[in-house]
Amino acid sequence: MISNYEFTVIFDANEDKTKAGLELVESTFSKNGVEVTKKEDMGVRTLAYLINKQEKGHYVYFEIKAEGQTVKSMSRAFELSSDVLKYLFINPEKI
């Protein structure tokens with residue numbers, strides 16, 4: 001069953017790493033048939049705590065439509081990527 005999700009991802013503040021990470025996320029979405037309904041580049045912000053010795057991160061917010069199993073498989077891909085510092089999928093229908 002397809003559900004709505006909010007997806008926030010934090011990339012390294014380095015412009016090249018941000019670009020590579022964004023390409024990974026968008027290609028993963030397209031491979032898995034995920035429909036992106038909204039994309040918002042939130043820019044570089046100071047992190048609340050160090051992540052991989054980084055003080056700043058580049059935030060990007062997405063609203064997507066996907067199946068639950070697809071979200072689980074994409075989570076695994078993002079965990080293995082060195083370009084993604086942190087990410088979070090939220091299903092607002094279950095809050």
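None of these values were measured; they are calculated from a predicted model. Positions are given from 1, in the same order as the sequence printed here. What you see below is based on every heavy atom in this structure, not just the backbone, and it leaves out hydrogens, waters and symmetry mates.
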Going by heavy atoms in the side chains, are Leu85 and Asn52 under 4.5 Å from each other? yes
Does atom CD (Glu40) have a neighbourhood of more than 12 heavy atoms from anything else shown, all under 6.0 Å? yes
From NZ (Lys38) to CD (Glu63), nearest 0.5 Å: 5.0 Å
Return the OG to NZ distance between Ser81 and Lys17, rounded to the nearest 0.5 Å. 10.5 Å
Are the side chains of Glu55 and Leu47 in contact, using a 4.5 Å heavy-atom criterion? no
Does any non-hydrogen side-chain atom of Phe29 lie less than 4.5 Å from one of Met74? yes
Rounded to the nearest 0.5 Å, the CG atom of Leu50 sits from the NZ atom of Lys53 at a distance of 10.0 Å
So Ile64 and Thr37, side-chain contact (heavy atoms from CB on, under 4.5 Å) or not? Walk me through it. CA-CA 5 Å; Ile64 61 173; Thr37 56; 5.9 Å; no
Check whether Thr18 reaches the backbone of His58 with its side chain - one donor and one acceptor, N or O, closer than 3.5 Å. no
Is there side-chain contact between Lys86 and Val9, with heavy atoms separated by less than 4.5 Å? no
Measuring from atom CD of Gln69 to atom CG of Asn32, what distance do you get when rounded to the nearest 0.5 angstrom? 11.0 Å
Following the transitive rule for hydrophobic clusters with a side-chain heavy-atom cut-off under 4.5 Å over Ile, Leu, Val, Met, Phe, Trp and Tyr, establish whether Met42 and Ile10 coincide in one cluster. yes
Do the ring centers of Phe62 and Phe89 come within less than 6.0 Å of each other? no
What do the steps show when you test Glu93 against Asn4 for side-chain contact (heavy atoms from CB on, under 4.5 Å), and what is the final call? CA-CA 7 Å; Glu93 297 164 1; Asn4 293 318; 3.4 Å; yes
Would you mind reporting whether Glu6 and Tyr61 have side-chain heavy atoms less than 4.5 Å apart? yes
Side-chain touch Asp12/Asp83, heavy atoms, less than 4.5 angstrom: no
Distance in Å, Glu67 CD paired with Met1 CE, rounded so as to fall on 0.5 Å steps: 9.5 Å
Flag yes if Leu22 and Val44 sit in one hydrophobic cluster, no otherwise; membership is Ile, Leu, Val, Met, Phe, Trp, Tyr, and two members link when side-chain heavy atoms are under 4.5 Å apart. no
Can a donor-acceptor pair be found, under 3.5 Å and without considering hydrogens, that links the side chain of Tyr59 to the backbone of Thr8? no
Do Leu88 and Phe7 have side chains that approach each other closer than 4.5 Å (heavy atoms only, starting at C-beta)? no
SB check Glu26 Lys39 (cutoff 4.0 Å): yes
Between Asp41 and Gly43 (side chain of the first, backbone of the second, donor and acceptor by atom type, cut-off under 3.5 Å), is there such a pair? yes
At what distance, to the nearest 0.5 angstrom, does OG1 of Thr46 lie from OH of Tyr49? 14.0 Å
For the residue pair Val25 and Phe78, establish whether any side-chain heavy-atom pair is separated by less than 4.5 Å. yes
